[in-house]
Amino acid sequence: MAGDRVFPPGFLWGAATAAYQIEGAAAEDGRGPSIWDTFATVPGAVEGGASGATACDHYHRFREDVALLGELGLGAYRFSTAWPRVMPDGRTPNPAGIAFYDRLVDALLERDITPVLTLYHWDLPQALQDRGGWLERDIASWFTEYATTVHNRLGDRVTQWTTLNEPFCSAFLGYGTGVHAPGLRDPKGALRAAHHHLLAHGHAARALRAAGATSVSIALNFSPALPNSPDDHDAVRRFDAVHNRFFLDPVLGRGYPADLLDDVAHLDGLHPAIHDGDLDVIAAPLDWIGVNYYAPTRVTSLPDPTQPSNCPLPGLRGMSVTPPREPVTVTGWEQHPESLTDLLVRLGRCGIPLVVAENGSAFPDVVDPDGRVRDSDRVRYLAEHLRAVHAAIEAGADVRGYLAWSLLDNFEWACGYGPRFGVVHVDFTSQRRVVKDSGWFLSRVATRNAVPD
Ligand code: IFM
């Protein structure tokens, strides 16, 4: 139609979730505790003392949720498998736990919905944390065993495999700032943990490929740095190195950026963790990169270059994160769709297909008396960001799909159940689902493969 921006044929439309954020059933069918179950018991760690023990009760309601995806006409569903459900102690397979994903995958395929499976979305088995978690180099082989176990069971039906979701958050928020599980505050450890995430990714990606997987990816969260003034170019470089290039460059086979190695040398965590051959392992061939994008980050240079920054890697020097500019979402994230276009165009130059694996926004939604959720802010965010994706494609970026975060309102980690990211509203008392206006908007876009001007 006139005024529509049409996406390439075959563009993948879908929505995303993660196991701990939606499944609940934390102690059912032999599931073991994860680091998030433990972390949620720490006083003050999670807003309102919440946990994912019940969450959206998706474990019992997955058929209803898959039916919603079908009703919305979405062709893909990105979800994660819970390592502690598949292997309660981290090493020993639990047939009853794996069987859940068997049922989920079959339910998706019955409706012609492509499963896009992420193996790790932050819910490490507590038993492995007790052995050091991501600080321990052996985690690369533990993760590979787990990846192989899941592939052995689902590889006949799942074609899209993603190893890790946002290793930046898992390593730096979990082991650096301590705002995520396991809640450690150690910059040196965070760097070591980050390297071990990448190593685990590389080994698992190779094992998946050897087992016959034909589409292997990793989902990285990117936040383009925006300078507060023209003098802030070094702050932009520093933030970009630690937030974006840290993970991207090694998986693309470029190794760690030289400037990053300099910037973090004083923390003495990264260099000692790297063994001969690691970077070759990490550079395992990939079929696409999952791009998780929400907002840019405003940065400024610090007058004293030895002053530590407030960036998510504590101890990084020479730059400071500054407040976002309006408009922001309820999580305080700046709405700046141009940054998504720029990011995709930049990543597109790497010569590897891209999928927007997460993009979304939290607003204070309410169910109106007539039963409708008029989330006009989210509709606008979605429309603007979809136009931004389209603009990147027009500019030459090879973007193959868009997976909205999230299908459902869910457990937003340390923020508990406050921020609602879903295109489907969830009443956490009754577990009633209501498709928001944004859900119907996404549905129209997906069905017509076009976003209105
Ligand atoms: O909810 C998270 C998700 O688990 C990872 N990416 C960002 C989302 C919103 O914070």
Side-chain angles (χ1 to χ4, degrees), residues 16-20 23 30-32 34-35 77-102 104-105 114-129 131-134 136-167 169-171 193-220 247 250-251 277-278 280-290 355 357:
T17 62
Y20 190 73
E23 283 181 2
R31 179 187 177 278
S34 77
I35 54 173
Y77 177 52
R78 175 172 180 244
F79 64 97
S80 72
T81 46
W83 191 345
R85 202 179 283 295
V86 172
M87 296 173 137
D89 65 0
R91 308 287 306 275
T92 317
N94 168 30
I98 304 172
F100 168 68
Y101 300 106
D102 220 28
L104 174 62
V105 165
T114 301
V116 181
L117 188 154
T118 300
L119 286 158
Y120 187 71
H121 199 126
W122 309 351
D123 44 357
L124 187 72
Q126 181 60 44
L128 295 184
Q129 185 60 40
R131 296 168 70 173
W134 290 102
E136 174 55 56
R137 190 175 163 89
D138 284 349
I139 197 154
S141 51
W142 302 335
F143 181 66
T144 305
E145 287 168 5
Y146 159 61
T148 309
T149 302
V150 178
H151 186 272
N152 284 346
R153 182 64 184 260
L154 303 177
D156 57 338
R157 284 154 292 150
V158 173
T159 56
Q160 303 298 323
W161 294 84
T162 302
T163 55
L164 305 178
N165 183 70
E166 302 183 2
C169 295
S170 183
H195 180 68
H196 291 160
H197 277 82
L198 285 170
L199 193 62
H201 155 77
H203 279 297
R206 288 174 191 280
L208 290 167
R209 185 87 61 198
T214 52
S215 181
V216 179
S217 60
I218 184 169
L220 301 177
F247 297 91
V251 302
D278 283 3
D280 292 335
V281 171
I282 293 170
L286 292 176
D287 298 282
W288 49 275
I289 297 276
V355 171

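Positions are given from 1, in the same order as the sequence printed here. Because the structure is a prediction, the values reported are computed rather than measured.
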query: Considering all heavy atoms of both residues, which atom of Pro250 and which atom of Leu198 are nearest to each other, and what is their separation?
result: CG-CD1, 4.0 Å

- prompt: Thinking salt bridges, do Asp287 and Arg209 make one under a 4.0 Å N-O criterion?
  reply: yes

field: Pair Ser217-Thr162, side-chain donor/acceptor within less than 3.5 Å
entry: yes

query: Do Tyr120 and Thr81 have a side chain donor and acceptor closer than 3.5 Å?
result: no

- request: Return yes if a side-chain donor-acceptor contact under 3.5 Å exists between His197 and Ser170, otherwise no.
  value: yes

message: Checking Thr92 against Asp89: is there a side-chain donor and acceptor pair closer than 3.5 Å?
response: yes

task: Quick one: do Leu119 and Phe143 satisfy side-chain contact (heavy atoms from CB on, under 4.5 Å)? Show the steps, please.
output: CA-CA 9 Å; Leu119 286 158; Phe143 181 66; 3.9 Å; yes

query: Quick one: OH on Tyr146 to CD1 on Ile139, what's the gap to the nearest 0.5 Å?
result: 11.5 Å

- prompt: So, Trp122 and Glu166: side-chain donor and acceptor under 3.5 Å apart, yes or no?
  reply: no

- request: Check side chain to side chain contact (heavy atoms under 4.5 Å, CB included) between Ala211 and all other residues, then give those that pass, not counting sequence neighbours.
  value: His151

- prompt: Where do Leu208 and Ala147 come nearest, in terms of heavy atoms and distance?
  reply: CD2-O, 3.9 Å

CD1-CG distance between Ile98 and Leu154, expressed to the nearest 0.5 angstrom: 8.0 Å

query: Which atom pair, heavy atoms only, marks the closest approach of Arg85 to Asn94?
result: O-ND2, 3.0 Å

query: Any side-chain donor paired with an acceptor under 3.5 Å for Ser80 and His121?
result: no

field: Gly133 to Trp142 - nearest heavy-atom pair and separation
entry: O-CZ3, 4.4 Å

- request: Can you see which heavy atom on Thr118 is nearest to which on Thr163, and at what distance?
  value: CG2-O, 4.2 Å

task: Mind listing the closest non-hydrogen atom pair of Arg137 and Leu199 along with its distance?
output: NH1-CD2, 3.6 Å

- prompt: How many angstroms lie between CZ in Phe247 and NE2 in His201, if you round to the nearest 0.5 Å?
  reply: 11.5 Å

Modelled atom types, side-chain donor and acceptor of Arg78 and Thr17, under 3.5 Å: no

- request: Quick one: do Arg91 and Arg131 satisfy side-chain contact (heavy atoms from CB on, under 4.5 Å)? Show the steps, please.
  value: CA-CA 12 Å; Arg91 308 287 306 275; Arg131 296 168 70 173; 3.7 Å; yes

query: side chain to side chain contact (heavy atoms under 4.5 Å, CB included) with Pro84: which residues, sequence neighbours excluded?
result: Arg31, Ser34, Ala82, Asp123, Pro125

